[in-house]
Amino acid sequence: MTEGFEGVADIREVAGDNQIHFGTRPPRQAEPPVAESLLLARGLRSPRPDPAFIYGEFPEESLRHYRGQDGMPDVYVYGLRDVTVIGPWFRSGALLVQNGIRLKCNDIALNPEDEASLERFSEDIAERRAGNRVLRAIDEPVVLLATNGHQIFGHWLVDFLPKFHLLALAGISLNEVRILLPTNMGAFARDMMLTMGIREDQLLEHDPDAEVLQCRTLIVPTTLRQAGRCHPMYADAVATINEMIDRTRAVPDASLRRIFVTRGPQFGRRLYGIVEAEEIARAHDFTIVRPEELPISEQIALFRGAREIVGPYGSALHSSIFSRPGAKVAAIHAQLPQTFDVLQSGISERIGQITGYIFGKSVPDDPTGIRFDAPPFRACLDEQFSHPNFRKETLTAENEECPNIARHRPAMQSSISFWSVAPTREEDAAQGVNGVISGKNCFQTKVENGPWWQVDLGGLFDLREIRLFNRMGTADVMARVAALGIAVSRNGTDWTTIMTPTDHGLFGGADGAPLVWRPGHLREPASHRRESRITARWVKVFLESRDSLSLEQVEVYGVPAGDGPASSEPGPDGPLSGLLPEDVFSEAPPEGNGGQD
């Protein structure tokens, strides 16, 4: 036992049956209890799904360790009265003392009996005796978010920010609550909370190296994960984080859909051979990004736009909490002796993402380092990130008799922009079917949510091939259509999506590398059944993002369908402006002109 403390007690036992009453009127009592608790969800055990894919040498021992993580913790919010807060520090986290009793809680990594914590308790006593650390009284209720690992970016993403969801469930106003913010760390935590709508005046800064806090009321939410496994409630917590961000409108839109995430050696795990890894990633149409060089709002935007994410395992990849369900993540991981906890899989399991691993070699003199291994890396990118819809080949000989049935057909688009070459939507959209492929000819909408362009083929056709020719320019310009999808319709009202952004990468046009779709490439999302025949009269291309839609040419090849008219003249029925089903876009396009960089 450390000098000055009388023992150790579990917070849950101290709270007992005392029910927390945040947001409600508590029962009358002479003296509030020293601890209260609100149980939000019970913990559980369940088998853990295996990674979606694995490349490289993968020890069986690692897989056994991974599968053994089948437990998830109870989820609580605690209220503590008259408690001393020491720290947090990197190894020991925050240490809590109440009436001379050290408090522990496995669900928050409060471990006052481990070696690092005992050292910190002893240090605190010595520093206060020497007058080098002051006791600061805080009378208003405050929240303890940051505990163990608070100086690590990924811990804020996975452990601390999700606690805002628990506070909301407990009836605590997120617009009023005060948050303890330690100063012995970088600015990223503050920036993340401000991006979520937490105000500066809600952040109560304190210096763990100079102050010990005496809190009248301390609110302590637990974490939503245990080792590499996340509680099912984690999905709701991530949704809350993103909803808070949406309300601030502080995050810009992003167009990159395929990113290779890399970080400097000063940030977490070091990948030995990073130059070769980046070269291979570029050859597979990945854009190399270094998130730490960007403001937090742009980092969030980067992952919100990404559909395919590859990079060394660690905090940077955990930003996939901002990516949509269905995103595919490949983490480069070292072999043993590193522990294969793979929290990235825990995140993906709850928010519906696809995660796998590429194993490099461990580095003996760098316990956290990863030695890059090119063959499994190439194999993963070839097999997992080369989609059947991303084709560069031209029509095969047996299809050469199929005409381009879209050429000079009536077309329409959602809007025109300042840079449009024609004054009306119909005339500008006609640029996409005029047969000109020069690298410069194009149609362009304004910047809006979910812009679209479509063509009326004049009758029902069995579609054999669709070719999309991108504008030629810088990678940033060409990447504006990375969120592109294709839909078809028989009547101009009911639409079926036949290609999504996850089905292709960055594509070209006049350079001979257009994006090519064929019926055999289509896989029905739920059953993965392949379609061999697609019949339609209208073809639409659209973006799932907020941006300007601009392509040089859309070519559609097909033959008259046997079950409907195949007139070559414009049909009188069917609105050219028919939209996709409402669930494709999250909100209606706003008014106003957009632009082009």
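- Residues forming a salt bridge (Lys or Arg N to Asp or Glu O under 4.0 Å) with D246 (at least two apart in sequence, or on another chain): R304.
- Listed for the T424 side chain is a donor-acceptor partner under 3.5 Å among the backbone atoms of E427.
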#### Entry: From CA spacing to verdict: side chain to side chain donor-acceptor pair (under 3.5 Å), D462, T535
CA-CA 4 Å; D462 288 339; T535 302; 2.6 Å; yes

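- In terms of modelled atom types and a separation under 3.5 Å, the side chain of R307 and the main chain of G305 share a donor-acceptor contact.
- Using cut-offs of 30° and 60° on the angle between ring planes, the pair W156 and F188 is perpendicular.
- Using a 4.0 Å cut-off between charged nitrogen and carboxylate oxygen, E552 and R471 do not count as a salt-bridge pair.
- The pair E292-R290 fails the salt-bridge criterion, with no side-chain N (NZ, NE, NH1 or NH2) lying under 4.0 Å from an Asp/Glu carboxylate O.
- In this structure, T445 contributes its side chain and S414 its backbone to no donor-acceptor pair below 3.5 Å.
- Between F359 and Y357, the ring planes are tilted. Angles from 30° to 60° get that label.
- Within 6.0 Å of the CD atom in E57, the count of heavy atoms belonging to other residues, nucleotides or ligands does not exceed 12.
- For the ring-ring contact (aromatic ring centres under 6.0 Å, His included) criterion with F286, the lone passing option out of F260, F377, F385 is F385.
- Here Y313 and H318 bring their ring centres to under 6.0 angstrom of each other.
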